[in-house]
Amino acid sequence: MSLPQSIDYRRNSLDTIRLMAALMVMYFHAQEHLHASAPLVLDYIFVFFSGVPVFFALSGYLIWNSLGRSGGLGDYLLKRGKRIYPELWAGVALNAAVMILFLDRPMGLFCLTQGSFLQFWTPDALRSYGCGTPNGALWTICVTIQFYIAAYFSHRWMKGKKLGWWLGTFLCSIGISVLSRKLDLVLPGIIFKLYGQTLLPYAWLFLLGMLCANYRDRLIPFLKKWWYLFVLVSILQMITGFDIPTFNTGYEVVRSITLFLGLVGFAYRFPQLAVKRDISYGIFIYHMIVVNGMIELGITHRFIYLVAAMAVSCVLAYISSRIFGAKSK
């Protein structure tokens, strides 16, 4: 048996993949809420990158690798906090400043939840602003924080497990997400919504990344060579629509797995495509601030406004990353 190919894991374009996933989320949010039609080819390009599933799986992959380099719980929490909160607080402050221009209502508690870990909550008094949620894109932060905590405390226990155990856990997590779709039939509406903000229905995506990271010495050389086959399978799934739906519409099992594996292989096959600065997190934070402000100003229903919203959001994300962004991952 040949030995695994040696790879410099620092040379990759994973940040470029993450950027495209963020652009996908921003594009469709802006298109929907600004009611702006766009060339169909852009829809096909952006929908391919399946934003949130790629983000969650990449988080699992990168965090699993970084856990082995962390000096302890304090060091780990400091790195994660520096990664999340400085840019988040800047975004919350900007959002509050923009909202003050259009609303004369108290928003202190809302800003507190937005800047902590309850980003999914929007008071009824703010439902009349913009699209109805001042920054609904931030719901993923709450889920990601839960993953960070769970990953730290499970790392040592999981790292020594055999492949069969990993695959069994992964399949069970998929089963939980698939079955969770039926919980709305037995749970009160508010409980079902709160369940959707927990880690459980999305754990399989993080586990996908963790699984790849744990076996990367053998898996990455294979993906690096055959990345395009996984991408083709993902494209075929998009065309046929055949897949296994999970808790969230759009987070299908086959598509999410094959797309992530193909994109990871692509990132290591073409490290020269790496972006110099990762602004993906800032795009998540700022794009709905821009979109809601444009809605309040009546700047909607034209493709050029969609382009402007994306451009302004990217500029804000770049500035934010320069001032508040952390290098640790």
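Basis for what follows: all heavy atoms, side chains included, without hydrogens, waters or symmetry-related copies.
In this structure, the ring of Phe266 has its center less than 6.0 angstrom from the ring center of Phe270. In this structure, Phe55 has its ring center under 6.0 Å from that of Phe284. For Trp227 and Phe260, the gap between ring centers reaches or exceeds 6.0 Å.
Both tests hold for Arg216 against Tyr9: distance to the six-membered ring centre under 6.0 Å, angle to the ring axis within 45°. At least one cation-pi condition fails for Arg181 and Phe247: the charged atom is not both under 6.0 angstrom from the six-membered ring centre and inside a 45 degree cone around its axis. Cation-pi contact between Arg218 and Phe222: absent, since separation from the ring centre below 6.0 Å together with deviation from the ring axis within 45° is not met. The cationic atom of Lys162 (NZ for Lys, CZ for Arg) does not lie both less than 6.0 Å from the six-membered ring centre of Trp165 and within 45° of the ring axis.
Scanning all heavy atoms of the two residues, the minimum distance from Phe192 to Ser180 falls at CE1-O, 3.7 Å. Closest heavy-atom contact between Phe147 and Ser59: CE2-O, 3.8 Å. Across all their heavy atoms, Leu261 and Cys212 have their closest contact at CD2-SG, 3.5 Å.
Considering OG1 of Thr246 and CG of Asn248, their distance stands at 6.5 Å, rounded to 0.5 Å. To the nearest 0.5 Å, atoms CE (Met310) and CD1 (Ile283) are separated by 7.5 Å. For the atom pair Lys79 NZ and Leu67 CG, the distance stands at 9.5 Å (nearest 0.5 Å). The distance from atom CD of Glu252 to atom CD1 of Ile244, rounded to the nearest 0.5 Å, is 10.5 Å.
Remark: the backbone N or O of Pro134 is paired with a side-chain donor or acceptor of Asn292 at under 3.5 angstrom.
Inspection of the Asp43 and Tyr27 side chains reveals an N or O donor paired with an N or O acceptor under 3.5 Å. Using modelled atom types and a 3.5 Å distance limit, the side chains of Ser320 and Tyr286 yield a donor-acceptor pair. With no hydrogens or angles considered, a side-chain donor-acceptor pair links Tyr318 and Arg322 at under 3.5 Å. For the 3.5 Å distance criterion, the side chains of Arg105 and Ser128 qualify, holding a donor opposite an acceptor.
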Exercise. Decide salt bridge (charged side-chain N to carboxylate O under 4.0 Å, His left out) for Asp15 and Arg18; before the verdict, give the C-alpha distance in whole Å, the side-chain angles of both, and the deciding distance to 0.1 Å.
Key: CA-CA 5 Å; Asp15 283 348; Arg18 187 155 48 188; 2.7 Å; yes
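Side-chain contact between Leu23 and Phe49 is absent, with no heavy-atom pair separated by less than 4.5 Å. Two residues are said to be in side-chain contact when any heavy atoms from C-beta on lie closer than 4.5 Å; His287 and Val290 fail this criterion. At least one side-chain heavy atom of Ser256 sits under 4.5 Å from a side-chain heavy atom of Trp204.
No option in Ile17, Val264, Val25 other than Ile17 meets the side-chain contact (heavy atoms from CB on, under 4.5 Å) test with Val54. When Phe206, Tyr148, Trp166 are each tested for a ring pair (Phe, Tyr, Trp, His ring centres under 6.0 Å) with Trp64, only one passes: Trp166.
Cluster membership check: Val143 shares its hydrophobic cluster with Trp121, using side-chain heavy-atom separations under 4.5 Å among Ile, Leu, Val, Met, Phe, Trp and Tyr.
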